[in-house]
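Comments concern the structure below.
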Amino acid sequence: MRCRNDKNEEFDEILKVALKIDQKPKEELNQYLLEVWKEKTGMKKSKKRGIVIAVAAACMILATGSVLAVANYMRLTDLADKSGIETMKNVFSGEDVTEIYETREAGEYRFTLMGIASGEVWGQSSLSEQVTNLQGTYAAIAVERLDGAAMPDTSEDAYGMLELFISPLIEGLKPWQYNIASMNGGYVDIVEDGILYRLIECDSILPFADRELYLCVSDTSFYDTNAYHYDEKSGKVSRNEEYSGINLLFSLPVDISKANQEAANAYLEKLEESWKQDSEEEGKKDEQLSEIVAQIEALLAEGRNEEALEAFVAVGEPVLITPEENGEYRYECSSEDQTEIFHFYQEDFQNGQDYIILISYKGNNDNEEIQEWKKINVIVLTENEDQDGTVTAQRYEMENK
Amino acid sequence: MTCEEFAELIEKEGREIYTFCCYLTRETDEADELYQETMLKAMGHLKRMEVSNNPKNFLIGIAIRNWKNKRRKNRYRQSMASLDQEEFGIELAGTEPSPEETYLSKELCRFIRTEVASLNEKYRIPIYLYYSVEMSVEEIAAILHIPKGTVKSRLYTARKTIAEKLEEYGYEMQK
């Protein structure tokens with residue numbers, strides 16, 4: 001009896017070929033990783049400044065900031081409405097909006113920082129399905145082509161051609177660690193009348209109002225250490241003049257009276273703690289569960305079923321399973337949470353025994369966080385002594401109390 | 001690990017890890033982000049990676065854990081992802097064919113990729129690990145922290161679903 005007939009083999013081959021694709025990470029992404037590695041291991045040397053500047057200056061046309069006619073752009077409130085994001089709508093129609101309309105040119109584009117808003121907002125964030133009060137910072141940036149051509153719509157392939165990383169940065173905090181990506185941020189792009197508008201949101205930077213606050217705009221997917229300098233002593237962020245791409249840096253005007261060192265420290269502590277938890281907590285839970293399962297498996301493999309199932313209770317009566325024509329056994333295991341059909345073959349039986357271990361999780365839904373295991377079901381499959389090909393399945397269950 | 005060794009690691013395993021990130025996220029920007037996070041996190045666990053003696057599996061384990069965390073936290077780019085949700089699998093489905101792919105039609109490969117991409121994650125991840133990363137059932141069980149029997153069952157269910165889709169599509173096995 002065997003499961004692998006010719007068709008199965010052919011099907012396996014088809015899947016293997018179809019799924020064997022080769023995607024290559026972007027060169028700058030690997031370059032960035034190497035830079036970080038060098039920094040981490042103290043191998044990075046300070047970059048020499050000098051002759052490259054002339055070339056870079058020729059490639060980049062950087063105008064000093066100027067104030068543009070607001071009439072060119074959609075109103076902030078209309079933009080927020082169009083985004084369909086509740087927090088954006090609320091914050092940009094509120095009183096704590098600072099309209100800036102500062103424009104700079106870089107490469108083939110004109111970037112306009114339209115406005116910024118910070119504060120406590122009630123609403124449904126783009127980042128969470130829950131309606132909560134959010135201490136957030138929000139900004140709107142318009143991007144246009146200098147040659148007057150329209151920016152591609154978000155539905156067009158060309159939309160993805162210009163990568164933009166737009167993020168608030170805070171004096172004294174390493175920009176590669178603290179930026180929109182790590183500060184629970186997100187963005188929405190809207191293209192209207194050939195202008196690309198990006199609305200961004202992240203945790204509030206208001207508690208840091210007594211520091212210099214920036215908004216970086218670079219043509220990269222993430223924060224790029226090549227595009228900006230960070231002075232570890234002064235904590236200041238500056239543009240890398242030698243960088244050949246787009247690396248703008250706006251100053252964010254925030255009311256200094258809103259600074260709150262205590263809140264700032266508490267936020268940083270909480271944020272850093274959440275980073276640690278991300279990697280450690282789930283790992284620990286996984287490892288604990290793995291240990292339990294490995295122990296059960298080892299004992300079952302040795303035929304020490306009683307020991308393996310000491311903490312388990314038998315559920316229901318043993319079930320007799322007869323193989324199908326192709327030698328396949330099917331066993332349907334239903335518990336209150338899930339039903340799963342298991343398929344196995346005679347060759348899976350080691351010393352006349354096989355087993356299935358099914359784990360259900362608390363609060364488990366395929367799109368939810370796996371909190372903690374709830375139940376372990378072990379189904380012991382034993383070949384019947386009269387060698388007629390039938391198998392007996394007995395289910396055992398252990399609850400995580 | 002020296003800088004050269006780290007560069008070598010990226011050179012050797014980077015593509016496969018990145019491809020797997022594409023499979024997991026089904027969206028290029030998110031794949032970039034997941035790949036970056038995975039490699040950055042690996043930097044902090046180099047000793048464990050060296051001890052594991054299998055950097056690829058170690059990195060894939062980190063990628064899966066990161067992905068779970070990311071999904072849980074609904075973090076950065078969630079807003080963008082929500083706009084792109086209707087385009088599931090399109091990136092992967094549109095990928096250039098591999099040399100081995102020549103005997104299967106490009107259209108068929110696209111079809112399979114799209115169907116696999118639309119599978120529930122509990123079936124999708126084992127399928128990718130088995131066929132794309134070419135891990136054994138034991139390795140998948142270890143990396144996903146689930147029993148071998150569960151891996152086998154999920155692979156079976158996923159295969160069956162794809163086979164049915166292929167049949168609907170009109171593909172007939174040659175043998």
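Every chain is numbered from 1 and lettered A, B, ... according to where its sequence line falls, protein lines coming before strand lines.
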(request) Check whether more than 12 heavy atoms from other residues, nucleotides or ligands sit under 6.0 Å from atom CD of B:E138, and answer yes or no. (result) yes
(message) Can you tell me which residue among A:L29, A:L34, A:N30, A:L33 is in a side-chain contact (heavy atoms from CB on, under 4.5 Å) with B:M39?
(response) A:L33
(message) With rounding to the nearest 0.5 angstrom, report the CD to OH distance, B:Q36 to A:Y32.
(response) 4.5 Å
(request) Starting at CD1 of B:I162, measure out to CD1 of A:I14 and round the result to the nearest 0.5 Å. (result) 12.0 Å
(message) Would you say that A:D12 contacts B:Y131 through its side chain, given a criterion of any heavy-atom pair below 4.5 Å between the two side chains?
(response) yes
(request) Check whether more than 12 heavy atoms from other residues, nucleotides or ligands sit under 6.0 Å from atom NZ of A:K26, and answer yes or no. (result) yes
(message) Could you measure the distance from the OH atom of B:Y156 to the CZ atom of A:R330? Nearest 0.5 Å is fine.
(response) 6.0 Å
(message) To the closest 0.5 Å, what do you measure between CG (B:D32) and CD (A:Q23)?
(response) 10.0 Å
(request) State, to 0.1 Å, how close A:P25 and B:Y18 come at their nearest heavy-atom pair, and which atoms those are. (result) N-CD2, 3.5 Å
(message) For B:E134, which atoms come within 4.5 Å of any heavy atom of chain A: side chain, backbone, both, or neither?
(response) side chain
(message) Please check: side-chain N/O of B:Y23 versus main-chain N/O of A:L19, any donor-acceptor pairing under 3.5 Å?
(response) yes
(request) Side chain from CB out, backbone as N, CA, C, O: work out which of these in B:I17 comes under 4.5 Å of a heavy atom of chain A, or both, or neither. (result) neither
